Amino acid sequence: MSNNKKIYDKGIVFTGLVIFLALITFPFWYNRGIAAPAPEPELTEKAKAAKECVLPADEMKTGHMQLLNDWRNDVVRNADRMYVNEHGKEFNMSLSNECLDCHSSKEDFCDRCHNYASVKPYCWDCHIDNPKEKM
Amino acid sequence: MKNYLLSLIAVIVLALIAYVGAEAATWPQYVFGIIIPYLAMTIFIMGTIRKILGWARSPVPFRIPSTCGQQKSLPWIKQSKIDNPFTFFGVIVRMVLEVFLFRSLFRNTKCKMSKGGKIFFDLEKWLWVGAIVFHWSFLVVLLRHLRFFTNPVPGCIQFLEQVDGFIQIGLPGIFLSGFALVAGAVFLLVRRIVIPQVRYISLASDYFPLFLIIGIALTGILMRYFTKVDIVGAKEILMGLVTFHPSISANINGIFYVHLFLVSILLVYIPFSKLMHMGGIFFSPTRNLANNSRAVRHINPWNYPVKVHTYDEYEDDYREKMIEAGLPVEKE
């Protein structure tokens, strides 16, 4: 490559470069530098008192969807509603009656992270929000 | 050593560096999660601009479009407007189709011998199929990743996610593009290794990007379906990068740093390698020129004024001597 030489077809080349830069820097200008820290899911008093969920918090964070999927299969296919975790604690395998009992606000708990990560779980296609919560 | 093994080992070593580093201590997480991605992005953008300006400075002395159809001629001869473009608009149509559909690759042929010993050329579409699967799924995967780089996530990206994830087997739902990307890349890799003629002309720099991209795709699939990663923590790190509030707050699995590091390597690698074909396609004289040299005079840009001595001047110099010698002259 040699320098100090004429740039041919300047108009087209620079138009192309501007388009390239605009596309490649999209996330930078789209967010306009507004910090977006991870949302804090809100724990209810009941959840705080229980201290630990079905599995340790880290495992729940990454694996709750698979746990729920396993639960569903167990309940629907084997009619088994009992789950025992590693501490021997028993749980009723039910999203509406067990999970949402502690985490009673879908909006303040589930949705916060799901919206942040753009996840649309199909749980809510059937399971309505916790009936205890006024719609 | 076999050059594909060399490339494979290079990618494995890079992955191990990131994994061991990120798992061993906290400070390498800042290196792999903040410093290297920023550096890689800068090198990618600067390197690409430099390369493109370099190409833009290279003169194209001749019109050399590859013509794949009848050129513009007499009015009653039908011109092939896309395959032999005469106007700038025709060139644009041809270029768009080339970029999005790889039409020139679609024409790929293979020399074969019939049973009677006759040589003939047969269409060979597998390379085109592999290339289409690979490039399009890579684009979809790339666009899908915008969900980690935008807040709120634009509707079109969410729509793309839904279309891509329409198969729901277990949880999390399956993104087809990720698996199509691995399949496409593995096909292109196997093709290079298995076909002797292609292997003969393949260099380490042909295998390295394939292994690198396969590595990136596999670590991504690993994180999503198997080892699992704290997705919210991962997005927080990436959002920190694009909003210039870099931070490493969450404790994230080392696989995430391997993924990010390999992507950084890919970004740095692009401007200095054959992967620049993504910019180079627009600078291909065989594709970006209109075949109009019968109508327009194109002057070689490096032509310089040539010093000439015409016959008139020659005769002026030697007229008397020519007359003496009995040679015919134009002016008496």
Side-chain angles (χ1 to χ4, degrees), chain A residues 1-21 23-41 57-73 112-123 125, chain B residues 41 44-45 48-60 88 144-154 157-158 161-162 165 168 170-173 223 225 227-245 247 249-251 253 278-279 282-283 288 301:
Chain A
M1 180 167 26
S2 53
N3 290 314
N4 307 321
K5 274 204 298 181
K6 188 189 158 197
I7 294 175
Y8 297 91
D9 298 315
K10 264 188 191 149
I12 305 173
V13 170
F14 285 118
T15 311
L17 272 180
V18 167
I19 293 173
F20 163 73
L21 284 177
L23 287 178
I24 209 72
T25 57
F26 170 75
F28 293 95
W29 52 262
Y30 177 83
N31 294 305
R32 278 169 271 134
I34 300 166
E40 282 289 323
D58 271 352
E59 283 175 49
M60 286 308 287
K61 241 187 219 172
T62 58
H64 63 278
M65 69 300 280
Q66 281 178 349
L67 184 76
L68 282 171
N69 196 48
D70 293 344
W71 279 19
R72 180 188 63 179
N73 290 346
R112 289 205 176 168
C113 292
H114 287 161
N115 290 344
Y116 185 68
S118 169
V119 179
K120 290 203 191 64
Y122 55 81
C123 313
D125 290 0
Chain B
M41 197 66 190
F44 169 65
I45 291 176
T48 304
I49 291 177
R50 181 172 173 269
K51 200 89 177 181
I52 282 177
L53 289 183
W55 282 328
R57 285 196 182 98
S58 312
V60 179
F88 182 63
R144 261 205 296 104
H145 274 71
L146 282 177
R147 80 172 165 128
F148 298 115
F149 294 95
T150 53
N151 192 42
V153 180
I157 302 300
Q158 296 188 17
E161 272 186 328
Q162 276 174 4
Q168 296 175 336
L171 272 174
M223 275 191 289
Y225 304 97
T227 61
K228 314 297 286 178
V229 72
D230 173 12
I231 214 83
V232 170
K235 177 161 180 175
E236 191 177 29
I237 292 177
L238 300 172
M239 284 303 294
L241 290 178
V242 294
T243 57
F244 300 107
H245 295 92
S247 71
S249 45
N251 187 23
N253 192 315
M278 73 176 192
F282 298 102
F283 287 87
N288 68 11

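Each chain gets a letter, A, B and so on, in the order the sequences are listed, and its residues count up from 1. Given the structure is predicted, the values throughout are model-derived calculations rather than measurements.
Among V153(B), V232(B), I231(B), the one residue that satisfies the side-chain contact (heavy atoms from CB on, under 4.5 Å) test with Y116(A) is V232(B).
Heavy-atom distances place the side chain of K120(A), and not its backbone, under 4.5 Å from chain B. Within the 4.5 angstrom heavy-atom criterion, no atom of F148(B) approaches chain A. Of the two parts of Y225(B), only the backbone, made up of N, CA, C and O, holds a non-hydrogen atom closer than 4.5 Å to a non-hydrogen atom of chain A. Only the side chain of F283(B) comes within contact range of chain A, with at least one heavy atom under 4.5 Å from a heavy atom of that chain. With a 4.5 angstrom heavy-atom cutoff, I157(B) does not touch chain A via any of its atoms. For chain B, the nearby part of L21(A) is the side chain; its heavy atoms alone come within less than 4.5 Å. Only the backbone of I34(A) comes within less than 4.5 Å of a heavy atom in chain B; its side chain stays farther off.
Under the 4.5 Å side-chain criterion, counting only non-hydrogen atoms from C-beta, T48(B) is in contact with F20(A). Considering only heavy atoms from C-beta on, M41(B) stays 4.5 Å or farther from T25(A) through its side chain. Counting heavy atoms from C-beta on, the side chains of E161(B) and V119(A) never come closer than 4.5 Å.
Comparing S247(B), S58(B), G279(B), P154(B) by heavy-atom pairs within less than 4.5 Å of chain A, the highest count is held by P154(B). When each of P59(B), G240(B), P301(B) is checked for heavy-atom pairs under 4.5 Å with chain A, P59(B) comes out on top.
Between the side chain of N31(A) and the main chain of F149(B), a donor-acceptor pair closer than 3.5 Å is present. Side-chain atoms of Y30(A) come within 3.5 Å of backbone atoms of P152(B) as a donor-acceptor pair (strictly under, hydrogens ignored).
Taking both residues in full, the closest heavy atoms of A38(A) and E236(B) are given as N-OE2, 3.0 Å, listed atom of the first, atom of the second, then distance. In plain terms, the two heavy atoms of M239(B) and A36(A) that are nearest each other are CE-CB, 3.6 Å. Closest approach of H245(B) to G33(A), counting heavy atoms only: CE1-O, 2.9 Å. Looking at every heavy atom in both residues, F14(A) comes nearest to L53(B) through CE2-CD2, 4.1 Å. Considering all non-hydrogen atoms of both residues, Y122(A) and Q168(B) come closest at CD2-NE2, 3.2 Å. Contact between Q66(A) and P172(B) at its shortest, heavy atoms only, is NE2-CD, 3.7 Å.
Separation of atoms OG1 (T62(A)) and CE (M223(B)) is listed at 12.5 Å; rounding is to 0.5 Å. Put simply, CZ on F282(B) and CG on D9(A) are 14.5 Å apart, with the number rounded to the nearest 0.5 Å. For the atom pair CD1 of I52(B) and CG of L17(A), the computed distance is 5.0 Å after rounding to the nearest 0.5 Å.
Dense packing is recorded around NZ of K228(B), with more than 12 heavy atoms of other residues, nucleotides or ligands lying under 6.0 Å away.
Under the salt bridge (charged side-chain N to carboxylate O under 4.0 Å, His left out) criterion, R112(A) pairs with E42(A), D108(A), not counting sequence neighbours.
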